[in-house]
Amino acid sequence: MLKRLYSNTNLLVQSIEFKPGLNIIYGKYSGEKESKGINGIGKSSLVRLINYMFLGDVAEKEFNKNKYDFLRDENHDLFLEFEFDKDEYLVHREFADKKTIYFSKNDGDLEEYDKQELLQIFSNILFPEKDHETYYEGNRFRTLMQFFIKDDVQNKSRKDPTNFFSFTPSAVDKAIFNFYLMGFKTNQLINFKEVSQEHKRYKGALKTSEEKLQADTGFSIEEYRSEKLKLEQKVNILENRIQSYNFKDSHKELEEKLNEIITKINDKSEEYHTQSRRLKNIRESYEQSTALDTSKVQKIYNEVLQNFGTALKKSLDEILEFKSEIINNRTKFLISREKKLKQAIDTVFADLSQLEEVRTKLLSQLKEFGALEKLESTYKELILEKGLIERQNQILIQIDEYHRILSDQEIVLSEVKRDISQELIESVDTLNELTALFSDILHSALIVDDNESSGYYGISPRRAKKTDLPFKMDINVPKSGSLGQEDLKMISYDLMIFLNAVNNNRALPDFLIHDGVFGNMSHKIMVNYLNYLNEKHINLSKTRNFQYIVTFSEDEIEIPEIKKGLYGEFNFDFEFKKIIELEDVPDKMLFKRNIEQ
(Lines give C-alpha, C1' and ligand atoms only; values in the text may rest on other atoms or scores of the structure.)
Protein backbone atom coordinates (compact mmCIF):
# COMPACT_ATOMS: atom_id res chain seq x y z
CA MET A 1 0.00 0.00 0.00
CA LEU A 2 1.02 3.61 -0.50
CA LYS A 3 2.05 5.41 2.69
CA ARG A 4 3.28 8.91 1.99
CA LEU A 5 4.12 11.28 -0.89
CA TYR A 6 6.18 14.33 0.02
CA SER A 7 8.90 16.73 -1.14
CA ASN A 8 11.94 18.17 0.63
CA THR A 9 11.92 21.20 -1.68
CA ASN A 10 8.54 22.60 -0.63
CA LEU A 11 7.01 21.54 -3.96
CA LEU A 12 3.61 20.39 -2.68
CA VAL A 13 0.93 22.26 -0.82
CA GLN A 14 1.11 19.49 1.79
CA SER A 15 2.53 16.04 2.40
CA ILE A 16 0.01 13.39 1.39
CA GLU A 17 -0.61 10.61 3.89
CA PHE A 18 -2.39 7.60 2.40
CA LYS A 19 -4.73 5.41 4.46
CA PRO A 20 -6.11 1.89 4.19
CA GLY A 21 -9.46 1.70 2.38
CA LEU A 22 -10.96 4.75 0.66
CA ASN A 23 -8.65 7.70 -0.13
CA ILE A 24 -10.40 10.72 -1.65
CA ILE A 25 -8.49 13.42 -3.53
CA TYR A 26 -10.94 16.31 -3.25
CA GLY A 27 -11.29 19.43 -5.38
CA LYS A 28 -13.21 22.33 -3.84
CA TYR A 29 -14.57 25.64 -5.11
CA SER A 30 -13.30 28.68 -3.28
CA GLY A 31 -16.28 30.85 -4.28
CA GLU A 32 -19.28 30.72 -6.56
CA LYS A 33 -19.29 27.51 -8.62
CA GLU A 34 -20.61 29.31 -11.67
CA SER A 35 -17.79 31.83 -11.76
CA LYS A 36 -14.78 29.59 -11.32
CA GLY A 37 -13.71 26.09 -12.26
CA ILE A 38 -11.65 23.54 -10.40
CA ASN A 39 -9.94 21.86 -13.32
CA GLY A 40 -6.18 22.31 -13.16
CA ILE A 41 -5.89 22.55 -9.39
CA GLY A 42 -3.83 19.36 -9.17
CA LYS A 43 -6.11 16.35 -8.67
CA SER A 44 -4.92 14.55 -11.80
CA SER A 45 -1.37 15.85 -11.29
CA LEU A 46 -1.29 14.09 -7.93
CA VAL A 47 -2.24 10.80 -9.61
CA ARG A 48 0.45 11.39 -12.23
CA LEU A 49 3.04 12.09 -9.54
CA ILE A 50 2.37 8.65 -8.05
CA ASN A 51 2.71 7.15 -11.52
CA TYR A 52 5.92 9.17 -12.03
CA MET A 53 7.42 7.71 -8.87
CA PHE A 54 6.69 4.22 -10.24
CA LEU A 55 8.53 5.23 -13.46
CA GLY A 56 5.39 5.52 -15.60
CA ASP A 57 6.44 6.70 -19.06
CA VAL A 58 3.13 8.53 -19.71
CA ALA A 59 3.60 10.57 -16.51
CA GLU A 60 7.23 11.31 -17.38
CA LYS A 61 6.19 12.67 -20.78
CA GLU A 62 3.57 14.87 -19.09
CA PHE A 63 6.03 16.38 -16.60
CA ASN A 64 8.56 17.00 -19.37
CA LYS A 65 6.19 19.54 -20.95
CA ASN A 66 7.20 23.22 -20.90
CA LYS A 67 4.56 24.19 -18.35
CA TYR A 68 6.38 21.99 -15.82
CA ASP A 69 9.82 23.55 -16.42
CA PHE A 70 9.68 24.96 -12.89
CA LEU A 71 10.12 21.41 -11.56
CA ARG A 72 13.59 21.31 -13.14
CA ASP A 73 14.52 24.98 -12.94
CA GLU A 74 13.83 25.08 -9.19
CA ASN A 75 15.49 21.66 -8.58
CA HIS A 76 12.43 20.08 -7.00
CA ASP A 77 12.40 16.51 -5.73
CA LEU A 78 9.83 13.97 -4.59
CA PHE A 79 9.65 11.00 -2.23
CA LEU A 80 7.19 8.11 -2.18
CA GLU A 81 6.92 5.63 0.67
CA PHE A 82 5.07 2.36 0.08
CA GLU A 83 4.88 -1.09 1.60
CA PHE A 84 4.30 -4.49 0.12
CA ASP A 85 4.31 -7.95 1.69
CA LYS A 86 5.45 -6.54 5.07
CA ASP A 87 8.47 -4.73 3.56
CA GLU A 88 8.73 -0.94 3.39
CA TYR A 89 10.26 0.93 0.46
CA LEU A 90 11.28 4.51 -0.32
CA VAL A 91 11.68 6.05 -3.78
CA HIS A 92 13.36 9.43 -4.32
CA ARG A 93 13.47 11.30 -7.63
CA GLU A 94 14.87 14.67 -8.68
CA PHE A 95 13.07 16.25 -11.62
CA ALA A 96 16.27 17.74 -13.06
CA ASP A 97 17.84 14.27 -13.32
CA LYS A 98 15.82 12.09 -15.68
CA LYS A 99 18.07 9.05 -15.42
CA THR A 100 18.96 8.51 -11.76
CA ILE A 101 16.48 7.27 -9.14
CA TYR A 102 17.20 6.58 -5.49
CA PHE A 103 15.67 3.58 -3.76
CA SER A 104 15.87 1.87 -0.37
CA LYS A 105 14.24 -1.00 1.52
CA ASN A 106 13.30 -1.22 5.20
CA ASP A 107 15.01 2.05 6.29
CA GLY A 108 18.22 1.18 4.48
CA ASP A 109 20.37 3.83 2.82
CA LEU A 110 19.12 5.25 -0.45
CA GLU A 111 21.10 3.83 -3.38
CA GLU A 112 21.35 5.05 -6.96
CA TYR A 113 19.66 3.09 -9.78
CA ASP A 114 19.00 3.73 -13.43
CA LYS A 115 15.48 3.25 -14.78
CA GLN A 116 15.98 -0.21 -16.25
CA GLU A 117 17.47 -1.55 -13.02
CA LEU A 118 14.67 -0.14 -10.88
CA LEU A 119 11.95 -1.25 -13.31
CA GLN A 120 13.17 -4.82 -12.84
CA ILE A 121 13.25 -4.38 -9.05
CA PHE A 122 9.72 -2.94 -9.03
CA SER A 123 8.55 -5.81 -11.22
CA ASN A 124 10.04 -8.38 -8.83
CA ILE A 125 8.38 -6.67 -5.85
CA LEU A 126 4.88 -5.95 -7.18
CA PHE A 127 4.55 -8.69 -9.82
CA PRO A 128 6.66 -11.60 -8.60
CA GLU A 129 6.43 -14.72 -10.76
CA LYS A 130 5.14 -17.44 -8.47
CA ASP A 131 3.28 -19.59 -10.96
CA HIS A 132 4.94 -21.02 -14.07
CA GLU A 133 1.53 -21.23 -15.77
CA THR A 134 0.30 -17.71 -14.93
CA TYR A 135 2.91 -15.19 -16.00
CA TYR A 136 3.81 -12.58 -18.59
CA GLU A 137 6.94 -12.31 -20.71
CA GLY A 138 9.68 -9.73 -20.24
CA ASN A 139 9.73 -6.70 -17.96
CA ARG A 140 6.22 -5.37 -18.54
CA PHE A 141 5.99 -3.51 -15.23
CA ARG A 142 4.91 -0.23 -16.81
CA THR A 143 2.22 -1.98 -18.85
CA LEU A 144 0.71 -3.74 -15.84
CA MET A 145 0.85 -0.62 -13.67
CA GLN A 146 -1.45 1.09 -16.17
CA PHE A 147 -4.23 -1.07 -14.74
CA PHE A 148 -3.60 0.05 -11.17
CA ILE A 149 -2.99 3.76 -11.87
CA LYS A 150 -5.37 5.45 -14.32
CA ASP A 151 -5.46 9.22 -14.81
CA ASP A 152 -8.32 11.19 -16.34
CA VAL A 153 -6.82 11.26 -19.84
CA GLN A 154 -6.53 7.48 -19.90
CA ASN A 155 -10.07 7.01 -18.57
CA LYS A 156 -11.60 9.36 -21.15
CA SER A 157 -10.00 7.50 -24.07
CA ARG A 158 -10.89 4.06 -22.73
CA LYS A 159 -13.77 2.50 -24.66
CA ASP A 160 -13.15 -1.17 -23.88
CA PRO A 161 -12.87 -2.27 -20.22
CA THR A 162 -10.16 -4.81 -21.10
CA ASN A 163 -8.09 -2.17 -22.92
CA PHE A 164 -6.45 -0.21 -20.11
CA PHE A 165 -3.25 0.37 -22.09
CA SER A 166 -1.73 3.66 -23.25
CA PHE A 167 -0.95 1.96 -26.57
CA THR A 168 -2.99 -0.20 -28.95
CA PRO A 169 -2.32 -3.84 -28.05
CA SER A 170 -3.00 -6.87 -30.19
CA ALA A 171 -5.99 -9.02 -29.22
CA VAL A 172 -3.61 -11.69 -27.92
CA ASP A 173 -1.53 -9.26 -25.82
CA LYS A 174 -4.70 -7.80 -24.37
CA ALA A 175 -5.90 -11.29 -23.45
CA ILE A 176 -2.54 -12.26 -21.89
CA PHE A 177 -2.42 -9.26 -19.54
CA ASN A 178 -6.10 -9.48 -18.58
CA PHE A 179 -5.82 -13.23 -17.97
CA TYR A 180 -2.74 -12.65 -15.83
CA LEU A 181 -4.56 -10.06 -13.70
CA MET A 182 -7.61 -12.32 -13.34
CA GLY A 183 -5.52 -15.32 -12.33
CA PHE A 184 -6.09 -17.50 -15.41
CA LYS A 185 -3.27 -19.52 -16.93
CA THR A 186 -1.38 -17.59 -19.59
CA ASN A 187 1.25 -20.08 -20.80
CA GLN A 188 -0.86 -21.36 -23.71
CA LEU A 189 -1.85 -17.81 -24.69
CA ILE A 190 1.85 -16.92 -24.85
CA ASN A 191 2.48 -20.01 -27.01
CA PHE A 192 -0.43 -18.96 -29.23
CA LYS A 193 1.05 -15.48 -29.59
CA GLU A 194 4.45 -16.82 -30.66
CA VAL A 195 3.04 -19.25 -33.23
CA SER A 196 0.47 -16.78 -34.61
CA GLN A 197 3.18 -14.14 -35.04
CA GLU A 198 5.33 -16.61 -36.96
CA HIS A 199 2.28 -17.61 -39.02
CA LYS A 200 1.64 -13.96 -39.86
CA ARG A 201 5.27 -13.45 -40.85
CA TYR A 202 5.34 -16.47 -43.17
CA LYS A 203 1.98 -15.54 -44.63
CA GLY A 204 3.37 -12.12 -45.50
CA ALA A 205 6.47 -13.71 -47.06
CA LEU A 206 4.24 -16.06 -49.06
CA LYS A 207 2.21 -13.14 -50.39
CA THR A 208 5.38 -11.29 -51.41
CA SER A 209 6.73 -14.34 -53.27
CA GLU A 210 3.43 -14.93 -55.06
CA GLU A 211 3.25 -11.30 -56.14
CA LYS A 212 6.84 -11.43 -57.43
CA LEU A 213 6.18 -14.58 -59.44
CA GLN A 214 3.08 -13.05 -60.99
CA ALA A 215 4.97 -9.84 -61.81
CA ASP A 216 7.75 -11.85 -63.50
CA THR A 217 5.55 -14.27 -65.43
CA GLY A 218 2.15 -12.63 -65.72
CA PHE A 219 0.59 -15.80 -64.31
CA SER A 220 -0.97 -16.70 -60.98
CA ILE A 221 0.60 -19.58 -59.04
CA GLU A 222 -1.90 -22.11 -60.42
CA GLU A 223 -1.48 -20.81 -63.97
CA TYR A 224 2.30 -20.83 -63.73
CA ARG A 225 2.42 -24.47 -62.63
CA SER A 226 0.69 -25.36 -65.91
CA GLU A 227 2.81 -22.96 -67.96
CA LYS A 228 6.00 -24.32 -66.37
CA LEU A 229 5.49 -27.66 -68.17
CA LYS A 230 5.42 -25.86 -71.52
CA LEU A 231 8.62 -23.98 -70.71
CA GLU A 232 10.41 -27.17 -69.68
CA GLN A 233 9.32 -28.87 -72.90
CA LYS A 234 10.76 -25.94 -74.87
CA VAL A 235 14.09 -26.29 -73.04
CA ASN A 236 14.20 -30.01 -73.84
CA ILE A 237 13.62 -29.27 -77.52
CA LEU A 238 16.46 -26.72 -77.55
CA GLU A 239 18.83 -29.13 -75.80
CA ASN A 240 18.01 -31.92 -78.28
CA ARG A 241 18.52 -29.52 -81.17
CA ILE A 242 22.03 -28.65 -79.97
CA GLN A 243 22.96 -32.29 -79.28
CA SER A 244 21.75 -33.44 -82.70
CA TYR A 245 23.27 -30.52 -84.65
CA ASN A 246 25.31 -31.67 -87.74
CA PHE A 247 27.66 -29.53 -89.78
CA LYS A 248 27.28 -29.56 -93.58
CA ASP A 249 29.62 -31.77 -95.65
CA SER A 250 31.51 -28.69 -96.84
CA HIS A 251 32.46 -27.98 -93.28
CA LYS A 252 33.41 -31.54 -92.26
CA GLU A 253 37.13 -30.94 -92.70
CA LEU A 254 37.05 -27.84 -90.51
CA GLU A 255 35.00 -29.72 -87.92
CA GLU A 256 37.53 -32.58 -87.81
CA LYS A 257 40.47 -30.15 -87.43
CA LEU A 258 38.62 -28.28 -84.71
CA ASN A 259 37.93 -31.50 -82.77
CA GLU A 260 41.60 -32.56 -83.14
CA ILE A 261 42.83 -29.17 -81.86
CA ILE A 262 40.38 -29.26 -78.91
CA THR A 263 41.64 -32.75 -77.96
CA LYS A 264 45.24 -31.50 -78.00
CA ILE A 265 44.32 -28.46 -75.92
CA ASN A 266 42.68 -30.72 -73.33
CA ASP A 267 45.77 -32.96 -73.19
CA LYS A 268 48.15 -30.01 -72.87
CA SER A 269 45.96 -28.41 -70.21
CA GLU A 270 46.13 -31.61 -68.15
CA GLU A 271 49.92 -31.70 -68.56
CA TYR A 272 50.15 -28.01 -67.59
CA HIS A 273 48.17 -28.57 -64.38
CA THR A 274 50.18 -31.69 -63.46
CA GLN A 275 53.53 -29.91 -63.83
CA SER A 276 52.20 -26.87 -61.93
CA ARG A 277 51.20 -29.08 -58.99
CA ARG A 278 54.67 -30.63 -58.92
CA LEU A 279 56.29 -27.18 -58.93
CA LYS A 280 54.01 -26.09 -56.08
CA ASN A 281 55.06 -29.11 -54.01
CA ILE A 282 58.75 -28.37 -54.57
CA ARG A 283 58.35 -24.73 -53.52
CA GLU A 284 56.51 -25.83 -50.38
CA SER A 285 59.51 -28.04 -49.57
CA TYR A 286 61.65 -24.89 -49.25
CA GLU A 287 59.33 -23.69 -46.47
CA GLN A 288 60.10 -26.69 -44.29
CA SER A 289 62.26 -25.64 -41.36
CA THR A 290 65.95 -26.55 -41.76
CA ALA A 291 66.92 -25.25 -38.34
CA LEU A 292 68.52 -27.65 -35.94
CA ASP A 293 67.29 -28.00 -32.40
CA THR A 294 70.81 -28.05 -30.91
CA SER A 295 69.57 -28.32 -27.36
CA LYS A 296 67.61 -31.45 -28.21
CA VAL A 297 70.59 -32.92 -30.10
CA GLN A 298 72.83 -32.03 -27.16
CA LYS A 299 70.48 -33.81 -24.75
CA ILE A 300 70.31 -36.95 -26.88
CA TYR A 301 74.07 -36.90 -27.41
CA ASN A 302 74.73 -36.62 -23.66
CA GLU A 303 72.39 -39.53 -22.92
CA VAL A 304 74.12 -41.69 -25.53
CA LEU A 305 77.54 -40.65 -24.25
CA GLN A 306 76.52 -41.55 -20.70
CA ASN A 307 75.35 -45.00 -21.73
CA PHE A 308 78.07 -45.91 -24.20
CA GLY A 309 81.01 -43.85 -22.95
CA THR A 310 84.02 -43.65 -25.27
CA ALA A 311 82.50 -46.15 -27.67
CA LEU A 312 80.92 -43.16 -29.39
CA LYS A 313 83.55 -41.87 -31.81
CA LYS A 314 81.87 -38.89 -33.45
CA SER A 315 81.61 -35.65 -31.57
CA LEU A 316 78.49 -33.48 -31.48
CA ASP A 317 80.11 -30.99 -33.86
CA GLU A 318 80.67 -33.76 -36.38
CA ILE A 319 76.99 -34.72 -36.19
CA LEU A 320 75.88 -31.11 -36.73
CA GLU A 321 78.25 -30.73 -39.65
CA PHE A 322 76.92 -33.93 -41.21
CA LYS A 323 73.32 -32.74 -40.82
CA SER A 324 74.12 -29.38 -42.42
CA GLU A 325 75.73 -31.13 -45.38
CA ILE A 326 72.61 -33.23 -45.97
CA ILE A 327 70.38 -30.10 -45.95
CA ASN A 328 72.68 -28.29 -48.42
CA ASN A 329 72.66 -31.22 -50.81
CA ARG A 330 68.84 -31.45 -50.60
CA THR A 331 68.48 -27.74 -51.39
CA LYS A 332 70.74 -28.06 -54.46
CA PHE A 333 68.58 -30.95 -55.70
CA LEU A 334 65.35 -29.00 -55.24
CA ILE A 335 66.74 -25.98 -57.10
CA SER A 336 67.76 -28.17 -60.02
CA ARG A 337 64.38 -29.92 -60.07
CA GLU A 338 62.51 -26.60 -59.89
CA LYS A 339 64.47 -25.24 -62.88
CA LYS A 340 63.59 -28.26 -65.02
CA LEU A 341 59.88 -28.08 -64.10
CA LYS A 342 59.71 -24.36 -64.91
CA GLN A 343 61.21 -25.02 -68.32
CA ALA A 344 58.70 -27.83 -68.94
CA ILE A 345 55.79 -25.61 -67.84
CA ASP A 346 56.92 -22.77 -70.11
CA THR A 347 57.07 -25.18 -73.04
CA VAL A 348 53.58 -26.52 -72.36
CA PHE A 349 52.21 -22.99 -71.98
CA ALA A 350 53.73 -22.00 -75.33
CA ASP A 351 52.16 -25.06 -76.98
CA LEU A 352 48.77 -24.17 -75.45
CA SER A 353 48.99 -20.63 -76.78
CA GLN A 354 49.69 -21.88 -80.29
CA LEU A 355 46.82 -24.39 -80.14
CA GLU A 356 44.40 -21.66 -78.91
CA GLU A 357 45.40 -19.48 -81.88
CA VAL A 358 44.66 -22.35 -84.27
CA ARG A 359 41.30 -23.04 -82.57
CA THR A 360 40.30 -19.35 -82.79
CA LYS A 361 41.08 -19.29 -86.55
CA LEU A 362 39.05 -22.44 -87.18
CA LEU A 363 36.07 -21.04 -85.26
CA SER A 364 36.29 -17.80 -87.24
CA GLN A 365 36.27 -19.73 -90.50
CA LEU A 366 33.18 -21.66 -89.44
CA LYS A 367 31.47 -18.46 -88.41
CA GLU A 368 32.26 -16.87 -91.74
CA PHE A 369 30.58 -19.81 -93.46
CA GLY A 370 27.49 -19.26 -91.25
CA ALA A 371 27.88 -22.71 -89.76
CA LEU A 372 27.70 -21.48 -86.14
CA GLU A 373 25.01 -18.85 -86.40
CA LYS A 374 22.12 -21.23 -85.90
CA LEU A 375 23.99 -23.10 -83.17
CA GLU A 376 24.85 -19.85 -81.32
CA SER A 377 21.28 -18.61 -81.60
CA THR A 378 19.90 -21.89 -80.25
CA TYR A 379 22.43 -21.94 -77.43
CA LYS A 380 21.64 -18.35 -76.37
CA GLU A 381 17.94 -19.13 -76.38
CA LEU A 382 18.58 -22.24 -74.29
CA ILE A 383 20.62 -20.31 -71.69
CA LEU A 384 17.94 -17.61 -71.48
CA GLU A 385 15.08 -20.06 -71.04
CA LYS A 386 16.94 -22.23 -68.52
CA GLY A 387 17.93 -19.16 -66.45
CA LEU A 388 14.36 -17.90 -66.45
CA ILE A 389 12.97 -21.26 -65.40
CA GLU A 390 15.62 -21.63 -62.68
CA ARG A 391 14.83 -18.24 -61.13
CA GLN A 392 11.11 -18.84 -61.23
CA ASN A 393 11.52 -22.37 -59.92
CA GLN A 394 13.42 -21.02 -56.91
CA ILE A 395 10.49 -18.73 -56.14
CA LEU A 396 8.08 -21.63 -56.63
CA ILE A 397 10.13 -23.86 -54.32
CA GLN A 398 10.10 -21.10 -51.69
CA ILE A 399 6.32 -20.71 -52.09
CA ASP A 400 5.83 -24.46 -51.62
CA GLU A 401 8.04 -24.34 -48.52
CA TYR A 402 6.02 -21.46 -47.10
CA HIS A 403 2.81 -23.44 -47.69
CA ARG A 404 4.33 -26.42 -45.85
CA ILE A 405 5.43 -24.27 -42.90
CA LEU A 406 2.05 -22.53 -42.72
CA SER A 407 0.27 -25.89 -42.81
CA ASP A 408 2.42 -27.14 -39.90
CA GLN A 409 1.84 -23.93 -37.96
CA GLU A 410 -1.91 -24.15 -38.47
CA ILE A 411 -1.84 -27.62 -36.93
CA VAL A 412 0.09 -26.23 -33.94
CA LEU A 413 -2.30 -23.27 -33.67
CA SER A 414 -5.26 -25.64 -33.68
CA GLU A 415 -3.69 -27.70 -30.89
CA VAL A 416 -2.85 -24.60 -28.80
CA LYS A 417 -6.37 -23.23 -29.26
CA ARG A 418 -7.74 -26.56 -28.09
CA ASP A 419 -5.46 -26.37 -25.01
CA ILE A 420 -6.64 -22.82 -24.28
CA SER A 421 -10.28 -23.91 -24.47
CA GLN A 422 -9.54 -26.89 -22.22
CA GLU A 423 -7.80 -24.70 -19.65
CA LEU A 424 -10.81 -22.37 -19.55
CA ILE A 425 -13.04 -25.38 -18.89
CA GLU A 426 -10.71 -26.47 -16.09
CA SER A 427 -10.72 -22.90 -14.70
CA VAL A 428 -14.48 -22.83 -14.32
CA ASP A 429 -14.22 -22.17 -10.55
CA THR A 430 -12.13 -19.04 -11.13
CA LEU A 431 -14.50 -17.89 -13.86
CA ASN A 432 -17.55 -18.48 -11.66
CA GLU A 433 -15.88 -16.56 -8.84
CA LEU A 434 -15.24 -13.58 -11.14
CA THR A 435 -18.75 -13.71 -12.58
CA ALA A 436 -20.29 -13.76 -9.10
CA LEU A 437 -18.07 -10.89 -7.97
CA PHE A 438 -19.02 -8.78 -10.98
CA SER A 439 -22.71 -9.45 -10.31
CA ASP A 440 -22.22 -8.58 -6.63
CA ILE A 441 -20.65 -5.24 -7.54
CA LEU A 442 -23.57 -4.35 -9.80
CA HIS A 443 -26.39 -5.50 -7.53
CA SER A 444 -24.93 -4.24 -4.26
CA ALA A 445 -23.54 -0.94 -5.44
CA LEU A 446 -24.46 0.09 -8.94
CA ILE A 447 -28.01 -1.13 -9.68
CA VAL A 448 -30.69 1.34 -8.74
CA ASP A 449 -33.81 -0.45 -9.91
CA ASP A 450 -34.03 -4.16 -9.12
CA ASN A 451 -36.47 -4.59 -11.99
CA GLU A 452 -33.83 -3.65 -14.55
CA SER A 453 -32.08 -6.41 -16.44
CA SER A 454 -28.88 -7.44 -14.74
CA GLY A 455 -25.41 -7.00 -16.17
CA TYR A 456 -22.95 -9.82 -16.57
CA TYR A 457 -19.36 -10.83 -17.11
CA GLY A 458 -18.29 -14.04 -18.81
CA ILE A 459 -15.86 -15.80 -21.13
CA SER A 460 -17.44 -17.94 -23.83
CA PRO A 461 -16.04 -20.11 -26.66
CA ARG A 462 -16.37 -19.00 -30.27
CA ARG A 463 -15.58 -20.25 -33.74
CA ALA A 464 -12.73 -18.15 -35.01
CA LYS A 465 -10.21 -17.77 -37.81
CA LYS A 466 -6.99 -19.73 -37.61
CA THR A 467 -5.03 -16.94 -35.93
CA ASP A 468 -7.90 -15.58 -33.78
CA LEU A 469 -8.50 -16.48 -30.16
CA PRO A 470 -11.03 -19.28 -29.51
CA PHE A 471 -13.00 -17.28 -26.93
CA LYS A 472 -14.52 -13.87 -26.28
CA MET A 473 -15.02 -11.85 -23.10
CA ASP A 474 -18.50 -10.42 -22.54
CA ILE A 475 -18.92 -7.44 -20.20
CA ASN A 476 -22.25 -5.68 -19.90
CA VAL A 477 -24.18 -3.46 -17.52
CA PRO A 478 -27.81 -2.32 -17.72
CA LYS A 479 -28.49 0.46 -20.20
CA SER A 480 -25.08 0.04 -21.81
CA GLY A 481 -24.42 2.76 -24.34
CA SER A 482 -25.09 5.81 -22.22
CA LEU A 483 -21.92 7.65 -21.15
CA GLY A 484 -22.38 7.11 -17.41
CA GLN A 485 -23.19 3.43 -17.78
CA GLU A 486 -20.14 2.87 -19.98
CA ASP A 487 -17.99 4.40 -17.22
CA LEU A 488 -19.68 2.00 -14.78
CA LYS A 489 -18.67 -0.90 -16.99
CA MET A 490 -15.02 0.19 -16.78
CA ILE A 491 -15.12 0.69 -13.02
CA SER A 492 -16.95 -2.59 -12.37
CA TYR A 493 -14.49 -4.55 -14.46
CA ASP A 494 -11.51 -2.92 -12.72
CA LEU A 495 -12.99 -3.53 -9.30
CA MET A 496 -13.79 -7.15 -10.15
CA ILE A 497 -10.14 -7.85 -11.05
CA PHE A 498 -8.79 -5.87 -8.10
CA LEU A 499 -11.04 -7.37 -5.42
CA ASN A 500 -10.55 -10.85 -6.82
CA ALA A 501 -6.78 -10.42 -6.40
CA VAL A 502 -7.30 -9.18 -2.83
CA ASN A 503 -9.74 -12.05 -2.03
CA ASN A 504 -7.23 -14.63 -3.26
CA ASN A 505 -4.21 -12.90 -1.69
CA ARG A 506 -2.45 -12.72 -5.05
CA ALA A 507 0.96 -11.06 -5.32
CA LEU A 508 -0.31 -7.92 -7.08
CA PRO A 509 -0.39 -4.24 -6.05
CA ASP A 510 -2.91 -3.67 -3.27
CA PHE A 511 -3.96 -0.22 -4.43
CA LEU A 512 -6.20 0.92 -7.30
CA ILE A 513 -6.34 4.54 -8.47
CA HIS A 514 -9.20 6.05 -10.52
CA ASP A 515 -9.14 9.64 -11.73
CA GLY A 516 -12.11 11.44 -13.22
CA VAL A 517 -14.42 8.43 -13.50
CA PHE A 518 -17.55 9.72 -11.75
CA GLY A 519 -18.28 12.84 -13.78
CA ASN A 520 -21.06 11.24 -15.85
CA MET A 521 -22.68 9.13 -13.10
CA SER A 522 -25.68 9.80 -10.92
CA HIS A 523 -25.01 10.65 -7.29
CA LYS A 524 -27.05 7.68 -6.13
CA ILE A 525 -24.87 5.18 -8.04
CA MET A 526 -21.73 6.99 -6.79
CA VAL A 527 -22.91 6.75 -3.15
CA ASN A 528 -23.80 3.06 -3.48
CA TYR A 529 -20.48 2.41 -5.15
CA LEU A 530 -18.32 4.05 -2.45
CA ASN A 531 -20.37 2.48 0.34
CA TYR A 532 -19.86 -0.94 -1.24
CA LEU A 533 -16.11 -0.39 -1.39
CA ASN A 534 -16.00 0.77 2.22
CA GLU A 535 -17.90 -2.33 3.37
CA LYS A 536 -15.60 -4.55 1.34
CA HIS A 537 -12.58 -2.97 2.95
CA ILE A 538 -13.97 -3.46 6.45
CA ASN A 539 -14.66 -7.14 5.73
CA LEU A 540 -11.35 -7.86 3.98
CA SER A 541 -9.03 -5.77 6.14
CA LYS A 542 -8.91 -8.59 8.69
CA THR A 543 -7.03 -10.72 6.18
CA ARG A 544 -5.58 -8.21 3.71
CA ASN A 545 -5.77 -4.46 3.48
CA PHE A 546 -6.22 -2.53 0.27
CA GLN A 547 -6.51 1.07 -0.94
CA TYR A 548 -8.92 2.64 -3.39
CA ILE A 549 -7.69 6.10 -4.32
CA VAL A 550 -10.13 8.27 -6.28
CA THR A 551 -10.44 11.90 -7.39
CA PHE A 552 -13.62 13.95 -7.00
CA SER A 553 -14.69 17.46 -7.71
CA GLU A 554 -16.96 19.02 -5.12
CA ASP A 555 -20.06 18.86 -7.30
CA GLU A 556 -19.42 15.20 -8.16
CA ILE A 557 -19.52 13.95 -4.56
CA GLU A 558 -21.19 16.53 -2.29
CA ILE A 559 -24.76 15.49 -1.35
CA PRO A 560 -27.07 18.37 -0.40
CA GLU A 561 -29.05 17.76 2.76
CA ILE A 562 -32.34 17.87 0.89
CA LYS A 563 -31.11 15.19 -1.57
CA LYS A 564 -29.96 12.61 0.98
CA GLY A 565 -33.32 10.87 0.88
CA LEU A 566 -32.97 10.46 -2.88
CA TYR A 567 -29.25 9.75 -3.20
CA GLY A 568 -28.61 8.07 0.13
CA GLU A 569 -25.82 8.76 2.63
CA PHE A 570 -22.25 7.60 3.00
CA ASN A 571 -21.61 4.82 5.50
CA PHE A 572 -18.21 6.34 6.36
CA ASP A 573 -16.80 9.60 7.66
CA PHE A 574 -16.39 11.59 4.45
CA GLU A 575 -14.03 14.15 5.99
CA PHE A 576 -11.76 11.41 7.34
CA LYS A 577 -11.49 9.74 3.94
CA LYS A 578 -10.23 12.93 2.30
CA ILE A 579 -6.42 12.76 2.09
CA ILE A 580 -6.05 16.19 0.48
CA GLU A 581 -8.35 19.12 -0.28
CA LEU A 582 -7.37 21.31 -3.20
CA GLU A 583 -8.97 24.61 -4.16
CA ASP A 584 -9.07 26.87 -7.20
CA VAL A 585 -6.76 29.52 -5.74
CA PRO A 586 -2.99 29.29 -6.38
CA ASP A 587 -1.77 28.87 -2.79
CA LYS A 588 -4.20 25.94 -2.30
CA MET A 589 -3.39 24.16 -5.54
CA LEU A 590 -1.14 21.09 -5.50
CA PHE A 591 1.99 22.95 -6.67
CA LYS A 592 0.94 26.19 -4.97
CA ARG A 593 0.68 27.88 -8.35
CA ASN A 594 -1.56 27.88 -11.41
CA ILE A 595 0.25 25.90 -14.10
CA GLU A 596 -2.48 25.75 -16.76
CA GLN A 597 -1.19 27.13 -20.07
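Residues meeting the salt bridge (charged side-chain N to carboxylate O under 4.0 Å, His left out) test with Glu111, sequence neighbours left out: none. The salt bridge (charged side-chain N to carboxylate O under 4.0 Å, His left out) check on Asp173 picks up Lys193, with sequence neighbours excluded. The side chain to side chain contact (heavy atoms under 4.5 Å, CB included) check on Pro20 picks up Met1, His537, Asn545, with sequence neighbours excluded. Not a single ring pair (Phe, Tyr, Trp, His ring centres under 6.0 Å) links Tyr493 to another residue, sequence neighbours left out. Considering only residues two or more places apart in sequence or on other chains, Asp419 meets the side chain to side chain contact (heavy atoms under 4.5 Å, CB included) condition with Gln188. Phe192 pairs by the ring pair (Phe, Tyr, Trp, His ring centres under 6.0 Å) definition with nothing, not counting sequence neighbours. In terms of the salt bridge (charged side-chain N to carboxylate O under 4.0 Å, His left out) criterion, Asp97 has no residue partners (sequence neighbours excluded). By the ring pair (Phe, Tyr, Trp, His ring centres under 6.0 Å) test, Phe95 is found to be paired with Tyr52, residues two or more places apart in sequence or in another chain being considered. Shown here are the ring pair (Phe, Tyr, Trp, His ring centres under 6.0 Å) partners of Phe184, two or more places apart in sequence or in another chain: Phe179. The salt bridge (charged side-chain N to carboxylate O under 4.0 Å, His left out) test applied to Glu194 returns no partner, not counting sequence neighbours. Residues that satisfy the side chain to side chain contact (heavy atoms under 4.5 Å, CB included) test with Arg201, not counting sequence neighbours, are Glu198.
The two atoms that bring Tyr457 and Leu431 nearest to each other are CE2-CD1, 4.0 Å, heavy atoms only.
Screening residues 456-475 for salt bridge (charged side-chain N to carboxylate O under 4.0 Å, His left out), with sequence neighbours left out, gives Glu410-Lys466.
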